[in-house]
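Below, chain A is the first sequence line, B the second, and so on; all start at residue 1.
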Number of protein chains: 2
Amino acid sequence: MAHEDHQDIVREIKENMPDADTLFELADFFKVFGDSTRIRIMCALFEKELSVCCIADIVGMEQSTVSHQLRVLRQENLVKVRREGKQSYYSLEDEHIQKIFEMGLEHILE
Amino acid sequence: MAHEDHQDIVREIKENMPDADTLFELADFFKVFGDSTRIRIMCALFEKELSVCCIADIVGMEQSTVSHQLRVLRQENLVKVRREGKQSYYSLEDEHIQKIFEMGLEHILE
DNA sequence: ACAACATATGAATGATTGTTCATATGTTCA
DNA sequence: TGAACATATGAACAATCATTCATATGTTGT
(Lines give C-alpha, C1' and ligand atoms only; values in the text may rest on other atoms or scores of the structure.)
Protein backbone atom coordinates (compact mmCIF):
# COMPACT_ATOMS: atom_id res chain seq x y z
CA MET A 1 0.00 0.00 0.00
CA ALA A 2 2.87 2.32 -0.68
CA HIS A 3 2.39 3.54 -4.20
CA GLU A 4 2.15 7.21 -4.94
CA ASP A 5 -1.57 8.20 -4.80
CA HIS A 6 -2.91 5.43 -2.62
CA GLN A 7 -3.68 7.75 0.27
CA ASP A 8 -5.41 10.26 -1.98
CA ILE A 9 -7.72 7.63 -3.44
CA VAL A 10 -8.52 6.24 -0.02
CA ARG A 11 -9.37 9.64 1.38
CA GLU A 12 -11.46 10.65 -1.60
CA ILE A 13 -13.55 7.50 -1.57
CA LYS A 14 -13.99 7.57 2.18
CA GLU A 15 -15.42 11.06 1.93
CA ASN A 16 -17.95 10.14 -0.73
CA MET A 17 -19.24 7.04 1.06
CA PRO A 18 -22.59 7.08 2.84
CA ASP A 19 -22.10 7.04 6.59
CA ALA A 20 -21.42 3.72 8.29
CA ASP A 21 -24.76 3.60 10.10
CA THR A 22 -26.72 3.79 6.88
CA LEU A 23 -24.69 1.03 5.29
CA PHE A 24 -25.15 -1.12 8.36
CA GLU A 25 -28.90 -0.67 8.16
CA LEU A 26 -28.77 -1.45 4.48
CA ALA A 27 -26.98 -4.72 5.16
CA ASP A 28 -29.60 -5.61 7.77
CA PHE A 29 -32.31 -4.89 5.27
CA PHE A 30 -30.81 -7.14 2.59
CA LYS A 31 -30.10 -9.83 5.16
CA VAL A 32 -33.83 -10.42 5.23
CA PHE A 33 -33.76 -11.35 1.54
CA GLY A 34 -30.92 -13.79 2.11
CA ASP A 35 -32.95 -16.73 3.32
CA SER A 36 -34.93 -19.01 1.04
CA THR A 37 -37.79 -19.49 3.46
CA ARG A 38 -38.34 -15.75 3.74
CA ILE A 39 -37.93 -15.37 -0.02
CA ARG A 40 -40.64 -17.95 -0.57
CA ILE A 41 -42.92 -16.30 1.97
CA MET A 42 -42.56 -12.95 0.26
CA CYS A 43 -43.07 -14.57 -3.12
CA ALA A 44 -46.32 -16.15 -1.97
CA LEU A 45 -47.48 -12.77 -0.70
CA PHE A 46 -47.04 -11.20 -4.13
CA GLU A 47 -50.34 -12.75 -5.11
CA LYS A 48 -52.57 -11.84 -2.17
CA GLU A 49 -52.66 -11.50 1.58
CA LEU A 50 -52.44 -14.85 3.35
CA SER A 51 -52.98 -16.35 6.79
CA VAL A 52 -50.09 -17.91 8.66
CA CYS A 53 -51.29 -21.46 8.20
CA CYS A 54 -51.77 -20.88 4.46
CA ILE A 55 -48.20 -19.68 4.20
CA ALA A 56 -46.96 -22.64 6.21
CA ASP A 57 -48.74 -24.96 3.81
CA ILE A 58 -47.35 -23.21 0.76
CA VAL A 59 -43.74 -23.20 1.85
CA GLY A 60 -44.04 -26.60 3.50
CA MET A 61 -42.66 -25.64 6.90
CA GLU A 62 -43.87 -25.64 10.49
CA GLN A 63 -46.30 -22.96 11.57
CA SER A 64 -43.78 -21.97 14.21
CA THR A 65 -41.01 -21.47 11.70
CA VAL A 66 -43.20 -19.29 9.55
CA SER A 67 -44.31 -17.25 12.54
CA HIS A 68 -40.73 -16.58 13.51
CA GLN A 69 -39.78 -15.53 10.01
CA LEU A 70 -42.84 -13.32 9.68
CA ARG A 71 -41.66 -11.51 12.75
CA VAL A 72 -38.34 -10.85 11.05
CA LEU A 73 -40.16 -9.51 8.00
CA ARG A 74 -42.34 -7.36 10.22
CA GLN A 75 -39.35 -5.91 12.06
CA GLU A 76 -37.89 -4.69 8.78
CA ASN A 77 -41.25 -3.26 7.70
CA LEU A 78 -41.58 -5.65 4.79
CA VAL A 79 -44.97 -7.06 5.76
CA LYS A 80 -47.96 -5.92 7.76
CA VAL A 81 -50.55 -7.91 9.70
CA ARG A 82 -54.30 -7.73 9.89
CA ARG A 83 -56.21 -9.73 12.49
CA GLU A 84 -59.47 -11.29 11.40
CA GLY A 85 -60.97 -13.61 13.94
CA LYS A 86 -58.59 -16.35 14.82
CA GLN A 87 -56.38 -15.70 11.84
CA SER A 88 -53.64 -13.22 11.09
CA TYR A 89 -53.45 -12.11 7.50
CA TYR A 90 -50.09 -10.94 6.26
CA SER A 91 -49.42 -8.80 3.21
CA LEU A 92 -46.50 -6.95 1.68
CA GLU A 93 -45.81 -3.50 3.05
CA ASP A 94 -43.73 -2.04 0.30
CA GLU A 95 -43.75 -1.98 -3.48
CA HIS A 96 -39.95 -1.86 -3.59
CA ILE A 97 -39.89 -5.53 -2.74
CA GLN A 98 -41.15 -6.70 -6.09
CA LYS A 99 -38.66 -4.50 -7.92
CA ILE A 100 -35.77 -5.73 -5.84
CA PHE A 101 -36.93 -9.27 -6.57
CA GLU A 102 -37.06 -8.63 -10.28
CA MET A 103 -33.55 -7.20 -10.33
CA GLY A 104 -32.23 -10.16 -8.41
CA LEU A 105 -33.88 -12.49 -10.88
CA GLU A 106 -32.47 -10.55 -13.84
CA HIS A 107 -29.03 -10.94 -12.36
CA ILE A 108 -29.12 -14.67 -11.72
CA LEU A 109 -30.71 -15.38 -15.11
CA GLU A 110 -27.91 -13.64 -17.00
CA MET B 1 -56.23 -24.62 8.29
CA ALA B 2 -59.68 -26.03 7.86
CA HIS B 3 -61.70 -23.21 6.38
CA GLU B 4 -63.48 -23.65 3.09
CA ASP B 5 -61.13 -22.49 0.34
CA HIS B 6 -57.78 -22.90 2.07
CA GLN B 7 -56.69 -25.76 -0.15
CA ASP B 8 -57.66 -23.91 -3.31
CA ILE B 9 -55.62 -20.86 -2.37
CA VAL B 10 -52.62 -22.98 -1.43
CA ARG B 11 -52.72 -24.89 -4.71
CA GLU B 12 -53.19 -21.77 -6.80
CA ILE B 13 -50.28 -19.92 -5.23
CA LYS B 14 -48.01 -22.94 -5.33
CA GLU B 15 -48.59 -23.22 -9.06
CA ASN B 16 -47.74 -19.59 -9.74
CA MET B 17 -44.52 -19.60 -7.69
CA PRO B 18 -41.12 -19.70 -9.41
CA ASP B 19 -39.49 -23.07 -8.91
CA ALA B 20 -37.68 -23.77 -5.67
CA ASP B 21 -34.22 -23.82 -7.25
CA THR B 22 -34.58 -20.31 -8.61
CA LEU B 23 -35.73 -18.97 -5.27
CA PHE B 24 -32.85 -20.70 -3.55
CA GLU B 25 -30.39 -19.05 -5.93
CA LEU B 26 -32.10 -15.76 -5.37
CA ALA B 27 -31.65 -16.06 -1.62
CA ASP B 28 -27.96 -16.86 -2.13
CA PHE B 29 -27.63 -13.80 -4.31
CA PHE B 30 -29.18 -11.47 -1.73
CA LYS B 31 -27.19 -13.11 1.04
CA VAL B 32 -24.17 -11.36 -0.44
CA PHE B 33 -25.77 -7.98 0.21
CA GLY B 34 -26.52 -8.93 3.79
CA ASP B 35 -23.14 -8.13 5.27
CA SER B 36 -21.92 -4.64 6.05
CA THR B 37 -18.33 -5.34 5.07
CA ARG B 38 -19.38 -6.51 1.63
CA ILE B 39 -21.82 -3.62 1.34
CA ARG B 40 -19.02 -1.18 2.08
CA ILE B 41 -16.72 -2.88 -0.41
CA MET B 42 -19.33 -2.61 -3.15
CA CYS B 43 -20.03 0.96 -2.20
CA ALA B 44 -16.36 1.85 -2.52
CA LEU B 45 -16.28 0.23 -5.94
CA PHE B 46 -19.08 2.46 -7.21
CA GLU B 47 -16.51 5.19 -7.69
CA LYS B 48 -13.72 3.34 -9.48
CA GLU B 49 -11.81 0.07 -9.62
CA LEU B 50 -9.61 -0.45 -6.59
CA SER B 51 -6.78 -2.67 -5.44
CA VAL B 52 -7.24 -5.01 -2.50
CA CYS B 53 -5.09 -3.00 -0.15
CA CYS B 54 -6.94 0.20 -1.08
CA ILE B 55 -10.22 -1.47 -0.23
CA ALA B 56 -8.81 -2.78 3.03
CA ASP B 57 -7.77 0.74 3.94
CA ILE B 58 -11.15 2.20 3.05
CA VAL B 59 -13.23 -0.28 4.98
CA GLY B 60 -10.70 -0.49 7.80
CA MET B 61 -10.33 -4.25 7.89
CA GLU B 62 -7.55 -6.79 7.42
CA GLN B 63 -6.34 -7.51 3.92
CA SER B 64 -7.22 -11.13 4.55
CA THR B 65 -10.81 -10.34 5.45
CA VAL B 66 -11.24 -8.25 2.36
CA SER B 67 -9.73 -10.96 0.18
CA HIS B 68 -12.15 -13.53 1.56
CA GLN B 69 -15.11 -11.27 0.98
CA LEU B 70 -13.99 -10.38 -2.52
CA ARG B 71 -14.00 -14.07 -3.29
CA VAL B 72 -17.64 -14.25 -2.17
CA LEU B 73 -18.47 -11.31 -4.41
CA ARG B 74 -16.63 -12.95 -7.29
CA GLN B 75 -18.46 -16.23 -6.85
CA GLU B 76 -21.77 -14.45 -7.26
CA ASN B 77 -20.49 -12.54 -10.30
CA LEU B 78 -20.76 -9.20 -8.59
CA VAL B 79 -17.16 -8.12 -9.13
CA LYS B 80 -14.40 -8.90 -11.59
CA VAL B 81 -10.62 -8.82 -11.16
CA ARG B 82 -7.84 -7.47 -13.29
CA ARG B 83 -4.23 -8.22 -12.46
CA GLU B 84 -1.72 -5.42 -12.93
CA GLY B 85 1.72 -6.23 -11.63
CA LYS B 86 1.60 -7.14 -7.99
CA GLN B 87 -1.88 -5.73 -7.53
CA SER B 88 -5.35 -7.04 -8.24
CA TYR B 89 -7.86 -4.41 -9.25
CA TYR B 90 -11.49 -5.15 -8.53
CA SER B 91 -14.50 -3.53 -10.15
CA LEU B 92 -18.24 -4.06 -10.25
CA GLU B 93 -19.49 -6.58 -12.74
CA ASP B 94 -23.10 -5.62 -12.99
CA GLU B 95 -25.12 -2.43 -13.25
CA HIS B 96 -28.01 -4.00 -11.35
CA ILE B 97 -26.03 -3.60 -8.17
CA GLN B 98 -26.40 0.18 -8.01
CA LYS B 99 -30.12 -0.06 -8.64
CA ILE B 100 -30.60 -2.67 -5.97
CA PHE B 101 -28.64 -0.43 -3.63
CA GLU B 102 -30.80 2.57 -4.42
CA MET B 103 -33.99 0.66 -3.78
CA GLY B 104 -32.68 -0.61 -0.49
CA LEU B 105 -31.80 2.93 0.51
CA GLU B 106 -35.21 4.22 -0.53
CA HIS B 107 -36.78 1.61 1.70
CA ILE B 108 -34.80 2.31 4.83
CA LEU B 109 -35.12 6.08 4.42
CA GLU B 110 -38.91 5.92 4.33
C1' DA C 1 -66.31 -20.98 31.48
C1' DC C 2 -64.61 -24.44 28.42
C1' DA C 3 -63.14 -26.66 24.20
C1' DA C 4 -61.11 -26.07 19.74
C1' DC C 5 -58.44 -23.62 16.77
C1' DA C 6 -54.83 -20.04 15.14
C1' DT C 7 -50.87 -17.61 16.16
C1' DA C 8 -46.82 -16.07 18.90
C1' DT C 9 -42.85 -16.88 21.64
C1' DG C 10 -38.93 -18.84 24.61
C1' DA C 11 -35.36 -22.19 24.96
C1' DA C 12 -32.32 -25.43 22.80
C1' DT C 13 -29.74 -27.18 18.99
C1' DG C 14 -27.27 -27.68 14.76
C1' DA C 15 -25.55 -25.28 10.93
C1' DT C 16 -23.66 -21.35 8.67
C1' DT C 17 -20.68 -17.56 8.49
C1' DG C 18 -17.32 -13.50 9.33
C1' DT C 19 -12.97 -12.65 11.09
C1' DT C 20 -8.20 -13.49 12.26
C1' DC C 21 -3.67 -15.65 12.18
C1' DA C 22 -0.35 -17.99 9.73
C1' DT C 23 1.24 -19.17 5.51
C1' DA C 24 1.26 -20.11 0.56
C1' DT C 25 1.18 -18.24 -4.10
C1' DG C 26 2.23 -14.81 -7.41
C1' DT C 27 4.86 -10.68 -9.16
C1' DT C 28 8.59 -7.29 -9.65
C1' DC C 29 13.15 -5.63 -9.30
C1' DA C 30 17.97 -5.89 -8.23
C1' DT D 1 18.06 -16.34 -7.49
C1' DG D 2 16.56 -13.88 -3.60
C1' DA D 3 14.27 -10.07 -1.22
C1' DA D 4 10.15 -7.31 -0.86
C1' DC D 5 5.58 -6.60 -1.69
C1' DA D 6 0.53 -7.85 -2.90
C1' DT D 7 -2.90 -11.17 -2.81
C1' DA D 8 -5.07 -15.68 -1.84
C1' DT D 9 -6.20 -19.47 1.08
C1' DG D 10 -6.69 -23.02 4.96
C1' DA D 11 -7.68 -23.82 9.74
C1' DA D 12 -9.77 -22.30 13.95
C1' DC D 13 -12.88 -19.64 16.69
C1' DA D 14 -16.69 -16.86 18.00
C1' DA D 15 -20.96 -15.22 16.79
C1' DT D 16 -25.23 -15.32 14.35
C1' DC D 17 -29.17 -17.59 12.75
C1' DA D 18 -32.88 -20.96 11.11
C1' DT D 19 -35.45 -24.55 12.76
C1' DT D 20 -37.99 -27.36 16.04
C1' DC D 21 -40.46 -28.55 20.26
C1' DA D 22 -43.22 -27.19 23.87
C1' DT D 23 -46.13 -23.95 25.50
C1' DA D 24 -48.34 -19.46 26.09
C1' DT D 25 -51.58 -16.07 24.26
C1' DG D 26 -55.53 -14.77 21.72
C1' DT D 27 -60.14 -15.71 19.50
C1' DT D 28 -64.61 -17.95 18.51
C1' DG D 29 -68.64 -20.65 19.39
C1' DT D 30 -71.17 -23.54 22.60
Could you check whether any side-chain N or O of [X] sits under 3.5 Å from a backbone N or O of [Y], counting only pairs where one atom can act as donor and the other as acceptor?
X: A:His107; Y: B:Glu76; result: yes
X: A:Arg38; Y: A:Val32; result: yes
X: A:Arg83; Y: A:Lys86; result: yes

Which listed nucleotide ([options]) is nearest to the side chain of [X]?
X: B:Met61; options: C:dT20, D:dT19, D:dC5; answer: C:dT20
X: B:Ser64; options: D:dA8, C:dA11, C:dT20; answer: C:dT20
X: A:Asp35; options: C:dT7, D:dA18, D:dT7; answer: D:dA18
X: B:Ser67; options: D:dT9, C:dT27, C:dC5; answer: D:dT9
X: B:Val52; options: C:dT9, D:dA8, C:dG18; answer: D:dA8
X: B:Gln87; options: D:dA18, D:dT7, C:dT7; answer: D:dT7
X: A:Gln69; options: C:dT7, D:dT19, D:dT9; answer: D:dT19
X: A:Thr65; options: D:dT20, C:dT20, C:dT7; answer: D:dT20
X: B:Glu62; options: C:dT20, C:dG26, D:dC21; answer: C:dT20

*Can you find a donor-acceptor pair, distance only, under 3.5 Å between B:Gln63 side chain and D:dA6 base?*
no
Spacing of [X] atom [atom1] relative to [N] atom [atom2], expressed in whole Å:
X: A:Arg82; N: D:dT27; atom1: CZ; atom2: C1'; value: 15 Å
X: A:Glu76; N: D:dC17; atom1: CD; atom2: P; value: 11 Å
X: B:Leu73; N: D:dA8; atom1: CG; atom2: C1'; value: 15 Å
X: B:Ile39; N: C:dT17; atom1: CD1; atom2: P; value: 17 Å
X: B:Arg71; N: C:dG18; atom1: CZ; atom2: P; value: 11 Å
X: B:His68; N: C:dT25; atom1: NE2; atom2: C1'; value: 14 Å
X: B:Lys86; N: D:dA6; atom1: NZ; atom2: P; value: 6 Å
X: A:Leu70; N: C:dA8; atom1: CG; atom2: C1'; value: 11 Å

*Report yes if at least one side-chain N or O of A:Tyr90 is closer than 4.0 Å to OP1 or OP2 of C:dA8; otherwise report no.*
yes
_Side-chain N,O (B:Arg38) to OP1/OP2 (C:dG18) below 4.0 Å_ = yes
*asked:* Applying a 4.0 Å non-hydrogen cut-off, can you work out what B:Ser88 is touching in the nucleic acid: base, sugar-phosphate, or nothing?
replied: sugar-phosphate
*Decide if atom NZ of B:Lys99 counts as having more than 12 heavy atoms of other residues, nucleotides or ligands within a radius under 6.0 Å.*
no
*Give a yes or no on this: more than 12 heavy atoms of other residues, nucleotides or ligands lie within 6.0 Å of atom CZ of A:Phe46.*
yes
_Residues B:Tyr90 and B:Arg74: side-chain donor-acceptor under 3.5 angstrom_ = yes
*Nearest-nucleotide 5' precedence on DNA chain D, A:Lys31 against A:Val66*: A:Lys31
